[in-house]
Amino acid sequence: MSDKNLDVTIIGGGAAGLNAALVLGRARRKVLVIDEERPRNRVTRESHGFLTQDGISPSEFRRTAKEQILKYPSVSFVSGIVDGVTGVDGDFRVHTGSGDAFRSRKVLFATGMKDVVPDIEGLAEVYGTSAFVCPFCDGWELRDKKVCVIGTNEKVFHLVKVLTGWTKHITLLTNGMDILTADQLLELEQHQVPANQDTIKCIESVNGFVKKITLRTDEAIECEGIFFTPNLVQATSIPESLGCKMTNDGPFAAIAADQMGRTNVKGIFSAGDASTTFHQLIYAASSGAIAAVTIQLELNEEEWDGFRK
Ligand SMILES: Cc1cc2nc3c(=O)[nH]c(=O)nc-3n(C[C@H](O)[C@H](O)[C@H](O)COP(=O)(O)OP(=O)(O)OC[C@H]3O[C@@H](n4cnc5c(N)ncnc54)[C@H](O)[C@@H]3O)c2cc1C
């Protein structure tokens, strides 16, 4: 057991966890960030759409953030995986895979989501360089290019529709899955988006840049970029095991947190991708900042009341 008595343990050091650490460090709170260091966007060379940071590499974004946060001496970082949280509000224990346990008053889950990438030969080689998941993040880079959209679930029709804002040269590949309705097939035809329902044999690329996609029938489709719809799962099931409610109304289960980052379990907070269906760095960072302010105000109230009693 670590003898550290922390105010807050932040699990996850992506945009959400880092912004929370910055706000809490500036509020002079004793904070520990425990991070497995596998943020969702680690596969990309550049990240986009974050004011003043457009085009920055994900690793540089986090390196700069950490450098700035470490100016605040009450914040520290540990690299590792949290595999359990026990205790109650005011006295949690956060356990790591290496056998450490850290005592803290509040816990923030900023653990993000994991992408389940379809098992297609050649996709791993292009993922993050010319194959992406979100047009708002990487659509500009593929504007007016020949793009194949690979569907793994029902979200694919929506993705095609949204993508037409960036390019009109779209081919939809369902990779052998029955995920389009008759009405959707008709609409795609009306919008001149070819939809091919064959299984994909492989993706060919050079240095991460896709050149063509070959189908099981040996038909080859030339393309310059790919978008696909990954299935998303929570990076950790610990919040659920603690009794945190999950939302079931979106395309995947998110941790149910109010707009201030509070879950239904007292003392447990959540921010970033893990607790929303809107996945952008700037949103993750802002929700981390909001959760941090909420935590600080709660700690402050408890101290004020404790002193008064
Ligand atoms: C390919 C791709 C490209 C993207 N490009 C962009 C872009 O250009 N612009 C943009 O705005 N958004 C982009 N996004 C979305 C963006 O990556 C996410 O919205 C953002 O990373 C969410 O931040 P987060 O802090 O919630 O989670 P993450 O960044 O995923 O960070 C979560 C952290 O928690 C850690 N963690 C998880 N479980 C544990 C545990 N049990 N113990 C310890 N640590 C743990 C993880 O290892 C990780 O380091 C992209 C996403 C993908 C998949």
Side-chain angles (χ1 to χ4, degrees), residues 9-22 32-62 65-66 77-85 94-98 100 102 107-117 123-124 126-142 208 225-242 254-255 257 261 269-292:
T9 302
I10 298 173
I11 309 173
L18 289 171
N19 218 131
L22 178 61
L32 177 66
V33 182
I34 307 176
D35 187 23
E36 189 195 352
E37 295 173 14
R38 292 177 62 78
R40 268 190 78 199
N41 62 345
R42 66 187 180 282
V43 292
T44 56
R45 300 178 184 197
E46 295 182 351
S47 60
H48 305 107
F50 197 118
L51 200 67
T52 77
Q53 302 298 316
D54 195 38
I56 193 170
S57 77
S59 56
E60 180 59 14
F61 179 87
R62 281 179 302 120
K66 265 185 164 178
F77 287 85
V78 163
S79 179
I81 300 179
V82 171
D83 61 7
V85 174
V94 179
H95 306 265
T96 68
S98 54
D100 288 318
F102 298 93
V107 175
L108 171 63
F109 282 90
T111 38
M113 302 293 290
K114 280 190 177 161
D115 297 87
V116 183
V117 178
L123 182 56
V126 294
Y127 183 33
T129 303
S130 60
F132 304 103
V133 296
C134 159
F136 288 94
C137 300
D138 300 292
W140 173 261
E141 282 61 41
L142 293 180
I226 293 172
F227 274 95
F228 66 98
T229 50
N231 289 313
L232 288 171
V233 291
Q234 287 286 329
T236 174
S237 58
I238 300 170
E240 225 177 329
S241 69
L242 285 168
I255 301 168
F269 297 77
S270 179
D273 280 11
S275 45
T276 177
T277 53
F278 186 74
H279 293 168
Q280 292 265 286
L281 286 165
I282 200 144
Y283 177 80
S286 111
S287 68
I290 291 169

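In each ligand, atom 1 is the first atom listed, and ligand 1 is the first ligand listed. Only this structure's heavy atoms are used, side chains among them; waters, hydrogens and symmetry mates stay out. On a predicted model such as this, the values are computed, not experimentally measured, just so you know.
Scanning the protein heavy atoms around atom 4 (C) of ligand 1, the nearest turns out to be N41 CB, 3.9 Å. Atom 6 (C) of ligand 1 has C137 SG, 3.2 Å as its closest protein atom, hydrogens excluded (heavy atom only). When hydrogens are left out, the protein atom nearest atom 49 (O) of ligand 1 is D35 OD1, 2.7 Å; that is the closest non-hydrogen contact. When only non-hydrogen protein atoms are considered, atom 21 (O) of ligand 1 lies nearest to L281 CD2, 3.9 Å. For atom 47 (O) of ligand 1, the nearest protein heavy atom (residue, atom name, distance) is R38 N, 2.8 Å. In this structure, the protein non-hydrogen atom closest to atom 23 (O) of ligand 1 is A284 CB, 3.5 Å. Nearest protein heavy-atom neighbour of atom 31 (O) of ligand 1: G14 CA, 3.5 Å. Closest to atom 42 (N) of ligand 1, if we only count protein heavy atoms, is V82 N, 2.9 Å.
Residue A16 places at least one N or O, backbone or side chain, under 3.5 Å from an N or O of ligand 1.
Between atom OG1 of residue T129 and atom CD1 of residue I226 there is a gap of 11.0 Å, rounded to the nearest 0.5 Å. Taking CD of E46 as the reference point, atom CD of E141 lies at 6.0 Å (rounded to 0.5 Å). Going from atom CD1 of I56 over to atom CZ of F50 covers 9.5 Å, rounded to the nearest 0.5 Å. Here the straight-line distance linking atom CD1 of I290 with atom CG of N19 works out to 10.0 Å at 0.5 Å rounding. Taking OG1 of T276 as the start and OH of Y283 as the end, the distance is 4.5 Å to the nearest 0.5 Å. The CZ atom of R62 sits 10.0 Å away from the CG atom of L281 when rounded to the nearest 0.5 Å.
Residues E37 and S79 are in side-chain contact: their nearest non-hydrogen atoms beyond the backbone lie under 4.5 Å apart. A 4.5 Å side-chain heavy-atom check between H279 and V133 finds every atom pair outside the cut-off. In this structure, the side chains of K66 and F77 come closer than 4.5 Å at one or more pairs of heavy atoms. E240 has its side chain out of reach of Q234: every pair of non-hydrogen atoms, C-beta onward, lies at least 4.5 Å apart.
Contacts with ligand 1 closer than 4.0 Å are made by backbone heavy atoms (N, CA, C, O) of I34 only, the side chain lying farther away. With a 4.0 Å cut-off on non-hydrogen atoms, I238 does not touch ligand 1 at all. By the criterion of a heavy-atom distance under 4.0 Å, neither the backbone nor the side chain of L18 is placed next to ligand 1. Only the backbone of A110 comes within 4.0 Å of ligand 1, judged by heavy-atom distances.
Ligand 1 lies less than 4.0 angstrom from a heavy atom belonging to G80. Not close to ligand 1: C134, with no non-hydrogen atom less than 4.0 angstrom away. Contact between G128 and ligand 1 is absent, with no heavy atom of the residue lying under 4.0 Å from the ligand.
No side-chain donor-acceptor contact under 3.5 Å links H95 to the backbone of D83.
Of all atoms in ligand 1, listed by their number and element, those nearer than 4.0 Å to a heavy atom of D115 are 53 (C). Within ligand 1, the atoms closer than 4.0 Å to a non-hydrogen atom of V43 are 1 (C), numbered from 1 in the order shown. Applying the 4.0 Å criterion to heavy atoms of A235 picks out, from ligand 1, the atoms 37 (C), 38 (N). Close contacts between ligand 1 and G272 involve ligand atoms 26 (O) [criterion: under 4.0 Å to a heavy atom]. Every atom of ligand 1 is numbered from 1 in the order shown, and the set under 4.0 Å from a heavy atom of T44 is 1 (C), 2 (C), 3 (C). Of all atoms in ligand 1, numbered sequentially from 1 with element shown, those under 4.0 Å from a heavy atom of I81 are 41 (N), 42 (N), 43 (C).
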Stepwise side-chain contact (heavy atoms from CB on, under 4.5 Å) test for V82 and T236: CA-CA 9 Å; V82 171; T236 174; over 6 Å; no

side-chain contact (heavy atoms from CB on, under 4.5 Å) assessment of V85 paired with I11: CA-CA 10 Å; V85 174; I11 309 173; 4.0 Å; yes

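When E37, R40, E36, R45 are checked for heavy-atom proximity to atom 30 (O) of ligand 1, R40 turns out nearest. Heavy-atom proximity to atom 37 (C) of ligand 1, evaluated over T96, D54, T111, is greatest for T111. Considering each of F132, F50, W140, Y127, the one bringing a non-hydrogen atom nearest atom 53 (C) of ligand 1 is Y127.
Of the listed residues (R42, R38, R40), just one forms a salt bridge (Lys or Arg N to Asp or Glu O under 4.0 Å) with D115, and that residue is R40.
Using a 30° and 60° split on the angle between ring planes, F227 and F132 fall in the tilted class, from 30° to 60°.
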